[in-house]
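Everything on this sheet refers to the single structure shown next.
Numbers for residues simply follow the sequence, beginning at 1.
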Amino acid sequence: MGYRVFKNSKITFKYSETWEKEQPDTFNNPDCVATLSKGDDSLLNVVMFPTNTNLEDFKLKMEDMITDDGGVILESDFVSIANEDAIHVVAKMSNPDIIYEIYTYVFIINNIIYIFELRTVNPNKELLDEYKTLIDSFKIL
């Protein structure tokens, strides 16, 4: 399997060539720096913006946002990945049209928050392995 590289002036990561780079939705989310899709069932958004919060406080805020939206948190942990401390949250979400899972990694480095959120209706091993490879390759420039 081959890989492509996403790079801007602040970050870089590699992603499987089975993913397609999309135009980031900066209209609805001006902090979005990358959007990737895999078929019709999986979408990954990467956002980054300045913050004064820390991982502990943001984890609680994130969990509250998920449950306030009717989601069920399946996992919520502090992890070390890509040589950085991060939050990892997995949740099941639903709305009248669709049931999906979100897989989120959050990094806070030098007062900048980096959020990688994968939304998928088909969470399979190949997809999650590719996502983990992407996260493992994340670097600040």
**Prompt:** What pairs with Asp77 under side-chain contact (heavy atoms from CB on, under 4.5 Å), at least two apart in sequence or on another chain?
**Reply:** Glu75, Val79
**Fill in**
Sorted by chain and number, sequence neighbours left out, side-chain contact (heavy atoms from CB on, under 4.5 Å) with Glu56 holds for Asn54, Phe78
Only pairs under 3.5 Å count here: list side-chain donor-acceptor contacts from residues 3-13, not counting sequence neighbours, and write none if there are none.
unit_1 : atom_1 : unit_2 : atom_2 : d
Arg4   : NH1    : Glu17  : O      : 3.3
Arg4   : NH1    : Trp19  : O      : 2.7
Asn8   : OD1    : Lys10  : N      : 2.7
Asn8   : OD1    : Ile11  : N      : 2.8
Thr12  : OG1    : Phe6   : O      : 2.9

Cluster overlap [X] with [Y], hydrophobic side-chain contacts below 4.5 Å:
| X | Y | answer |
| --- | --- | --- |
| Val47 | Val106 | yes |
| Val33 | Phe107 | yes |
| Met48 | Leu118 | yes |
| Ile140 | Val46 | yes |
| Phe116 | Leu128 | yes |

**Message:** Which residues pass the side-chain hydrogen bond (donor to acceptor under 3.5 Å, both in side chains) test with Thr120, not counting sequence neighbours?
**Reply:** Ser42
**Prompt:** Residues two or more places apart in sequence or in another chain: which of them pass side-chain hydrogen bond (donor to acceptor under 3.5 Å, both in side chains) with Asp136?
**Reply:** Lys132
**Asked** Listed by chain and number, what are the salt bridge (Lys or Arg N to Asp or Glu O under 4.0 Å) partners of Asp31, not counting sequence neighbours?
**Response** none
Enumerate donor-acceptor pairs with a distance under 3.5 Å from any side-chain N or O in residues 108-115 to protein atoms, sequence neighbours excluded.
none

**Message:** Please determine whether the number of non-hydrogen atoms from other residues, nucleotides or ligands lying under 6.0 Å from atom CD1 of Ile99 exceeds 12.
**Reply:** no
**Message:** Looking at Gly39, is its backbone amide N or carbonyl O close enough to the side chain of Asp41 to form a donor-acceptor pair, meaning the two atoms are under 3.5 Å apart?
**Reply:** no
**Considering all heavy atoms, the nearest Ser137-Leu134 contact** = OG-O, 2.7 Å
**Item:** Shortest non-hydrogen contact between Cys32 and Pro24, atoms and distance
**Value:** SG-CB, 3.8 Å
**Request:** For residues 112-131, pull every pair meeting salt bridge (Lys or Arg N to Asp or Glu O under 4.0 Å), keeping only residues two or more places apart or in separate chains.
**Result:** Lys38-Glu126, Lys38-Glu130, Glu117-Arg119, Lys125-Asp129
**Asked** Side chains of Thr18 and Ser16: is there a donor and an acceptor less than 3.5 Å apart?
**Response** yes
**Prompt:** Does any pair with a residue in residues 23-67 pass ring pair (Phe, Tyr, Trp, His ring centres under 6.0 Å), and if so which ones, sequence neighbours excluded?
**Reply:** none
**Prompt:** How far does CG of Leu60 sit from OG1 of Thr53, to the nearest 0.5 angstrom?
**Reply:** 9.0 Å
**Request:** Give, for atom OG1 of Thr104 and atom CG of Leu44, the distance between the pair rounded to the nearest 0.5 Å.
**Result:** 9.5 Å
Output side-chain donor-acceptor pairs under 3.5 Å for residues 62-73, partner residues at least two apart or in another chain, one line each.
unit_1 : atom_1 : unit_2 : atom_2 : d
Glu63  : OE2    : Lys59  : NZ     : 2.9
Glu63  : OE2    : Ser76  : OG     : 2.4
Thr67  : OG1    : Glu63  : O      : 3.1
Thr67  : OG1    : Asp64  : O      : 3.2

**Partner set under ring-ring contact (aromatic ring centres under 6.0 Å, His included) for Tyr131, not counting sequence neighbours** = Tyr105
Sequence neighbours left out, cut at 3.5 Å: what donor-acceptor pairs do the side chains of residues 85-95 make with other protein atoms?
unit_1 : atom_1 : unit_2 : atom_2 : d
Lys92  : NZ     : Glu101 : OE2    : 3.2
Asn95  : OD1    : Asp97  : N      : 2.7
Asn95  : OD1    : Ile98  : N      : 3.0

